[in-house]
Every structure is written in C-alpha cells, then in structure tokens.
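Since we're looking at a predicted model, the values are computed, not measured.
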Amino acid sequence: MLILDLTKRCTMDTEAIVIRIKTPSGDMDSSVDCPSLLNFNDLLLAIRDVMPEATVTAFEYEDEVGDRITVRSDEELNAMLSYYCNTMNEQRMNGLLPDPLQIFPRGTDRRMSEIFTSVQLCCVTSSSLKKSSAELKRILTNGQINAQDIHYQEQLGHGNGGTVYKAYHLLGKRVLAVKVIPLDITVELQKQIMSELEILYKCDSPYIITFFSAFFVENRISICTEFMDGGSLDVYKRIPEHVLGRIAVAVVKGLTYLWSLKILHRDVKPSNMLVNTRGQVKLCDFGVSTQLVNSIAKTYVGTNAYMAPERISGEQYGIHADVWSVGISFMEPLQLLQCIVDEDPPVLPVSQFTEKFVHFITQCMRRQPKERPAPNNLMDHSFIIQYNDGNAEVVSMWVCRCLEERRAQQAQGHV
Ligand code: ATP
Ligand code: MG
C-alpha cells in the first residue's frame, strides 16, 4: 500500500537525497542537499537542462508495485518526496542502503517520444548528459564523482588488473566499489579509454552493475560502480542448486542484455558475478573498452581458466565464447561435488544435481561454438525456465546466511 502522509515531517528536512533522472541515453544522478526546499518548477528546469531537446512538462516516479505516478505540481512533488522518505526509512531499518529516487521525464505531445527514439538512435554521449547550467547547479549538487570526494575504506579484492576498494562518495552520500588500475599510457590513450567507457552510462539493467563514473589521476584509472554487499561468487563455497538456478537466470539475462547492445562480456567467471543481500545478482567487468583491455593485457600474467577453447587457440569468437564461460563457471560446484562423491559415495549422492542442471552445463560447454545454445535457447532451457520465477528472496536469504556464517567464523578467528 502506498503510504502518503504529507503532514509528517521526516528525515528529508535534514538529509540529502539522490535523485536519478532516467533519460533515453542514460541516468543522471544528482545529490539534492536540501530536499525540503525543492519545488516542482526547479526540478523541471533541472530535467530540461539535462534533456534540452525534449519538451518535458512533467515527470513520473514508480510506486512500490511499479505503477507510474505523474508529478505536475508542488503538491504532487511533496507526495512523491514523502513516499520516497518512507521507502528510504524502511530500507534503512532493514539494514539496506536506500536506492536513489528514480524519476522518468514526460512530455505532453508526440514530440517527446520522437525525441526519445532519435536520441537513442544517435546515441547522445554522457558528457552532454552531464552538462549542467548555473540553474541546475543552483538546485542540485551534481552527482559526478571527483577523486577528492571519495573516502576509501577497506580493500575488497585484488585481481590481475587492479585493486577494488569499498569507498564512500561524500557528495552522493553512497557507498561505491572503486576499481583502481595502474596504467602507464599516453594521454591520447587515456582519452580513448574514457570515450570507450561512455557506453557504460547507457547500460541500464537490473542484472548489470551500475556504472557511476571513471577518471584518471596520474597513471591510474579509477572506475566507480555500485557496491554489492555480498561480494563475488568465487568466495562462496557450495551453492545449492535452487540458489544457483536463480543466479544462472540473472547471469543469462544480464548477458542477453549486453549482447542486445552488441557487447560481448569476454570475462564471464564467478569473480565477475556479484550478489547482494537484497538477492540481486549482477555482472561486472565486461570488456567495453578495447583499449583498456589491451592496456591491462600487457601486464596480465597467467591463463584464464574460463576462456572458451576457440579463444585460447586464437580463433575468432563471439557470443558462444561467453556461453562457454557461463557453463564452466557453474560447473565448478558440480565438479567439486563430483570429487567428494568419487571419494566417499555414501555421504553425497550423485543425484544432488538434477538432470536439467547437468544438461544445461553440458550444452554450454560443447566444443563446437555453434552447438552451444544461442541467447534465445539459453532462456528457453528447462533449467532456466524452472528458476525464472523472480524469487529474489531465495538468493537474499542464502547470501545473508553465508555472510552471517563468515562473520561468526571471523569472530572465532577461523578466517
Ligand atoms: P581479474 O582481475 O582476473 O578479473 P577478479 O575479478 O577477481 O580477477 P577484480 O575485478 O579486481 O578481480 O575484483 C577483485 C574482487 O573485488 C572481486 O573478486 C570481488 O570480490 C570484489 N569486487 C569487485 N567489484 C565489486 C563490487 N562492485 N562490489 C563488491 N565487491 C566487488
Ligand atoms: Mg573482476
């Protein structure tokens, strides 16, 4: 039920909030320091500034069941802020970080939808999205991330390319994951990487990690993304099949989304599959920037165990190489179990994994790329269909339980 209590004052008066303006060519996040001073016309001006080509006359937000509610006046704006305030408090009480307030610009005439299509077609770059006028700056504190506004916390992990930190963005008031990669390259190459990364602003899928910003400081690039409090799948030991099934659905949906944008992931593996306590599963570290991939490759040591055979042998590869990596990523727990089964049959029966699951993996790992399932076939596989029920609760409970166990072990000094 939608709770709107306009008389009740809430934390809004004192607390900054993040408003995410959803536009056809990407999101623009802005931190509003004093939401109680915000009025409808100011916000509309801010939206028009972000989308100068469109005739925006109103905007919408989504209530908790996903219905769109239109805002055309100060009164409706207050209702929206009040609703958001309640949601934010609820998320906090559940130990979660509040989501930004998402708003969807709207026009009264047909021009708006035409503009939406043409903007999408000509692919307006993020820099024009982030352009802000004096008016916009007056109303909103731009959510663009600068190095000096980032407060680094603990190190989350270290890969071949760089180091990932948990960090706090002081202006945006949110937790980030910042990947810092040392790169000794020319300014020209830096510029090329930055422009190649711009496509990340366009990625908008619940199965893909949200990209906030990237910047170079001296010879290091920092890539700021959404923080996932469950971390990556590689640190989880045995994943039960009913959980793995839901994770596989999200991975397939994330990849299908990337492929629809003509992006190959190129680095599908458990450490690039992230989970959170809300039960969301998202892909990260996909290779949108050829230049970045090449620059990292120069310092890369070791082999990638998740790479498809055609890639290892240097042949041309496509979507099917990502499909192979999905198979091998999910085969890990199966193999692990198989070893235990082989050694001690009575303890763990082979029937621990269903035929559907084993078939899914075997299909993904066919030697001939063309014999592996294509995107549509992946979604139609009985294993995926079985778990495509939108039940995030299963993953959420499992992540929470594992984190709890890890904390308990740490407290006992086992880890
Ligand atoms: P490689 O460099 O070969 O890709 P990797 O994926 O393990 O290996 P990184 O991408 O540097 O290396 O990531 C290091 C670790 O940081 C990950 O294993 C993951 O646990 C953690 N991590 C990365 N991104 C996030 C994020 N957005 N939220 C939370 N944890 C993250
Ligand atoms: Mg990674």
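Among all heavy-atom pairs drawn from L255 and L283, the shortest one is N-CD1, 3.7 Å. Shortest non-hydrogen contact noted between P105 and M51 is CG-SD, 3.5 Å. The two residues C284 and I209 have their closest heavy-atom pair at CB-CG2, 3.8 Å. Nearest heavy atoms, F40 versus R72: CE2-O, 3.4 Å. Summarising the geometry of T70 relative to A58, their closest heavy-atom pair is CG2-CB, 4.1 Å, with the distance given to 0.1 Å. In plain terms, the two heavy atoms of N41 and D74 that are nearest each other are N-OD1, 4.5 Å.
Taking V164 as the reference, L156, A177, K179 meet the side chain to side chain contact (heavy atoms under 4.5 Å, CB included) condition, with sequence neighbours excluded. Take Q291 and apply the side chain to side chain contact (heavy atoms under 4.5 Å, CB included) test, not counting sequence neighbours, and it matches L189, Q192, I193, E196, S289, N294, S295. In this view, T362 and V358 satisfy the side chain to side chain contact (heavy atoms under 4.5 Å, CB included) rule, not counting sequence neighbours. A search for side chain to side chain contact (heavy atoms under 4.5 Å, CB included) contacts involving H242 returns P240, R246, Y387, V394, not counting sequence neighbours.
Relative orientation of the Y201 and F211 rings is perpendicular, given thresholds of 30° and 60° on the angle between their planes. Under the 30°/60° scheme for interplanar angles, the aromatic rings of F383 and F357 are found to be tilted.
The line from CG of L81 to CD1 of I19 is 6.5 Å long, rounded to the nearest 0.5 Å. Taken from CG in L244 to CG in L233, the straight-line distance is 8.0 Å, to the nearest 0.5 Å. Residue L378 holds its CG atom at 9.5 Å from CD1 of I319, rounded to the nearest 0.5 Å. Between K22 atom NZ and E62 atom CD the span is 8.5 Å, to the nearest 0.5 Å. How far CD of E226 is from NZ of K282: 3.5 Å, rounded to the nearest 0.5 Å. Note that the OH atom of Y168 and the CG atom of D149 stand 11.5 Å from one another [nearest 0.5 Å].
There is a side-chain donor-acceptor pair under 3.5 Å between D184 and N219.
Proximity of a side-chain donor or acceptor of N146 to a complementary backbone N or O of Q148 within less than 3.5 Å is not detected. Between the side chain of Y317 and the main chain of I312, no donor-acceptor pair closer than 3.5 Å is present. Looking at N377, its side chain does come within 3.5 Å of a backbone N or O of A374 through a donor-acceptor pair. Of the possible polar contacts, one joining the Y257 side chain to the D204 backbone as a donor-acceptor pair under 3.5 Å is found. Side chain of Y236 to backbone of G230: a donor-acceptor contact under 3.5 angstrom is found. A donor-acceptor distance shorter than 3.5 angstrom exists from the side chain of S396 to the backbone of T277, with no hydrogens or angles considered. Side chain of N276 to main chain of D229: no donor-acceptor pair is present (N/O by atom type, distance under 3.5 Å, no hydrogens or angles).
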Q.
Go through it in stages, so that I can follow the logic: the residues are T210 and R20, the test is side chain to side chain contact (heavy atoms under 4.5 Å, CB included), and I'd like the CA-CA distance, side-chain angles, deciding distance and then a yes or no.
A. CA-CA 12 Å; T210 305; R20 175 167 295 169; 4.2 Å; yes
Q: Quick one: do E315 and S313 satisfy side chain to side chain donor-acceptor pair (under 3.5 Å)? Show the steps, please.
A: CA-CA 6 Å; E315 289 160 43; S313 55; 3.0 Å; yes
Q | Test side chain to side chain contact (heavy atoms under 4.5 Å, CB included) applied to I103 and V71, step by step | A | CA-CA 9 Å; I103 58 172; V71 177; over 6 Å; no
(Q) Could you walk me through whether V178 and I145 satisfy the side chain to side chain contact (heavy atoms under 4.5 Å, CB included) test, starting with their C-alpha distance in whole Å, then the side-chain angles of each, then the deciding distance to 0.1 Å, before giving a yes or no? (A) CA-CA 11 Å; V178 184; I145 298 173; over 6 Å; no
(Q) Using the rule given for side chain to side chain contact (heavy atoms under 4.5 Å, CB included), can you reason through D267 versus N304, listing the C-alpha separation, both sets of side-chain angles and the distance that settles it, and then say yes or no? (A) CA-CA 9 Å; D267 203 10; N304 184 345; 3.4 Å; yes
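For an aromatic pair to be called close, the ring centres must be under 6.0 Å apart, and F360 with F330 fails this.
Between R278 and D99 there is a salt bridge, since a side-chain N of the basic residue sits under 4.0 Å from a carboxylate O of the acidic one. Of the charged side-chain nitrogens involved, at least one lies within less than 4.0 Å of a carboxylate oxygen, so that E404 and R407 count as a salt-bridged pair.
More than 12 heavy atoms of other residues, nucleotides or ligands lie within 6.0 Å of CD in E154, so this atom counts as buried by the packing criterion.
Sequence neighbours left out, not one pair with a member in residues 159-171 passes salt bridge (Lys or Arg N to Asp or Glu O under 4.0 Å). Sorted by first then second residue, the salt bridge (Lys or Arg N to Asp or Glu O under 4.0 Å) pairs that include residues 367-380, not counting sequence neighbours, are E310-R372, R366-E371.
Between W324 and the options P369, P309, S329, a side-chain contact (heavy atoms from CB on, under 4.5 Å) holds for only P309.
A cation-pi arrangement, defined by a distance under 6.0 Å to the six-membered ring centre and an angle within 45 degrees of its axis, is absent between R311 and Y306.
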